[in-house]
Amino acid sequence: MRAPGIPAMFPDQAAPRGAMPAPDNGKEDMQDSSIARPARDDGFHRSIGLFSGTAINMTQMCGIGPFITIPIMVATMGGPQAVIGWIAGAILAVADGMVWAELGAAMPGSGGTYVYLREAFQYRTGKLMPFLFIWTVLLTIPLLMSTGIIGMVEYLEYFFPHLGWWPVHLVSLAATGLVTWLLYRRIESIRAITIALWVIMLVSVIGVSAAGFSAFHADYAFSYPAGVFGGHFFVGLGAGLILGIYDYLGYFTTAYMGDELRNPGRTMPGSIIISVIAMMVVYLTLNISVLGVAPWQEIARSQSVASLVVERGWGHLAAAGMTVLIIVTAFASVFAGLLGGSRVPFQAAHEKVFLSVFGKLHAKHGFPHVALLTMGVVTAIGTFFDLTEVINMLLAATIIVQSIAQIAALVVLRKRQPTLDRPYKQWLYPVPCVIALLGWVYVYVSASALSLILSGAWIVAGLVVFAIWARLNRSWPFAPVEIREAYLGSE
């Protein structure tokens, strides 16, 4: 999990500075508002080059994810061949990253997916797709935070190995409540938290890898079970790919920063591809070092695999110290993620593309308290599910409304807005789009039945809410669509 990447959804507006929320008169505004044309020069300095852009992506990608997914990946794929899951995830991330790169370079600035879907689908469905995306964010961001809470409690069990079901979930609820309480005030920046989080995770990854190689047995790491590549392999690979792509999330961070990149046509795709390949090397190194410490069956059963590895390599005291670092990292990730995530529906509501209740600021402290409390509650509910189920659910919801929708948006915009300035055009188009589409469909059909049902129900509920909202706002489908091609002719 790399929660610090979430605030980049609206990088220049994540913490509203002097902005007033939409007027609240107890109901949605009846007048459909226009969306201001974005200026291509908003005071940003094009100071981020290829190296710094790659570092930004890698910072967002590196989180607690691998420390909680390695055992699940090994168990899912049935042996040390779990490394293939991270390779497959890297291939999907690179192909999908090319989609992000073209859209992000053409439509830089705040909004990301929200803007891409707004611009591409306004011709036929008005504000439906950006509305549905924000609705889905109310589920996916908290579920991502739930994985951090679940991971934190799993590592806490290293010190308290006999916690029962109720104590585990009470601790999870208490941790979620503490984060929400700490955020229930004005907080202007998470820069210091992000830097500290990155440093701690860097120490953790290097430390666990070094400890693993200090007690390494090649037979454990490279002895595959008999018949491992039989017909059941691709079933396991689908489930493994879900975990793999979860660990790569954040590869698209520079797509939200187009106005701050030097030569975005080169920097954006380069930073995405290089960061994915670099993180693949990091994950493979970490995975191999872990697999060389104990038989894969023992790794698959471990609740705190990093603690196990460090204890085998350097002893109990070092393992305890590493465990504390990982617990702190998980808590900080949830803190940063909910802070940034709560600003996403606020901005959409402020632009009158989402429910106005989410555009309210706290009367005293001036932060979007409705979104924060909503996401805090969903995060708490998510901690009652199994970690694998939560990952399946957040990806199942994301794939339909974001991943596949963005691929469609790229194709639509090439047709609808052929004169749009595109500093980067996807290499070998449409091959990366096809690879990404097939990959996401494979991930989706590999998700658990429960996650498909629950995420599907959430999307259907979003459609119902949109219909009510559109009727109150006299928006499509209850009024003709309003086409505003915000990025055409804005130079």
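Everything quoted here is computed from the prediction, not taken from an experiment. Side-chain atoms are counted along with the backbone in the values below, which use heavy atoms only and exclude waters and symmetry mates. Here, residue 1 is the first one in the sequence, and each next residue gets the next number.
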For [X] versus [Y], what's the shortest heavy-atom pair and its separation?
X      : Y      : answer
Ile149 : Ala175 : CD1-CB, 3.9 Å
Leu395 : Ile242 : CD1-O, 3.2 Å
Leu372 : Thr180 : CD2-O, 4.1 Å
Gly270 : Thr54  : O-OG1, 4.4 Å
Leu454 : Phe385 : CD1-CE2, 4.0 Å
Leu139 : Ala397 : CD2-CB, 4.1 Å

Say whether, by atom type as modelled, one donor and one acceptor occur between the side chain of [X] and the main chain of [Y] under 3.5 angstrom.
X      : Y      : value
Tyr283 : Asp247 : yes
Thr76  : Ala239 : no
Arg343 : Leu339 : yes
Gln122 : Glu119 : yes
Asn473 : Ser475 : no

Answer yes or no for [X] and [Y]: cation-pi contact, defined as NZ/CZ to six-membered ring centre under 6.0 Å and angle to ring axis within 45°.
X      : Y      : answer
Arg266 : Tyr424 : no
Arg185 : Trp181 : yes
Arg414 : Tyr429 : yes

From CA spacing to verdict: side-chain hydrogen bond (donor to acceptor under 3.5 Å, both in side chains), Gln406, Thr113: CA-CA 7 Å; Gln406 282 192 169; Thr113 300; 2.4 Å; yes

Pairwise side-chain contact, Val344 with Phe354, heavy-atom cut-off 4.5 Å (strictly under):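 Counting from C-beta outward, Val344 and Phe354 never come under 4.5 Å.
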
Any pair counted as side chain to side chain donor-acceptor pair (under 3.5 Å), so long as it reaches residues 443-455, sequence neighbours left out: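 Pairs touching residues 443-455 that pass the test: Glu389-Ser448, Ser448-Ser451.
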
Worked verdict on Leu117 versus Leu128 for side chain to side chain contact (heavy atoms under 4.5 Å, CB included): CA-CA 9 Å; Leu117 301 187; Leu128 171 62; over 6 Å; no

No-hydrogen, no-angle side-chain donor-acceptor test under 3.5 Å, Trp86 and Asn287: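 There is no such pair between these side chains.
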
Pair Gln417-Tyr123, side-chain donor/acceptor within less than 3.5 Å: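 Looking only at side-chain atoms, Tyr123 and Gln417 do form a donor-acceptor pair, the distance falling under 3.5 Å.
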
For Phe252, all residues meeting ring-ring contact (aromatic ring centres under 6.0 Å, His included), sequence neighbours excluded: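 By the ring-ring contact (aromatic ring centres under 6.0 Å, His included) rule, Phe252 matches Trp100.
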
Geometric class of the Phe131/Trp469 ring pair [parallel <30°, tilted 30-60°, perpendicular >60°]: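 Trp469 vs Phe131 ring planes: tilted.
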
Full working for side-chain hydrogen bond (donor to acceptor under 3.5 Å, both in side chains) between Tyr487 and Asp421: CA-CA 8 Å; Tyr487 285 86; Asp421 181 28; over 6 Å; no

Aromatic contact, Phe367 with Tyr184 (centres under 6.0 Å):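 Yes; Tyr184 has its ring centre under 6.0 Å from that of Phe367.
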
Note: Lys425-Glu102 ion pair, threshold 4.0 Å (strictly below):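 Glu102 and Lys425: not salt-bridged.
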
Criterion side-chain hydrogen bond (donor to acceptor under 3.5 Å, both in side chains) on Glu351 and Tyr114, from CA distance to verdict: CA-CA 11 Å; Glu351 294 184 356; Tyr114 163 77; 2.6 Å; yes

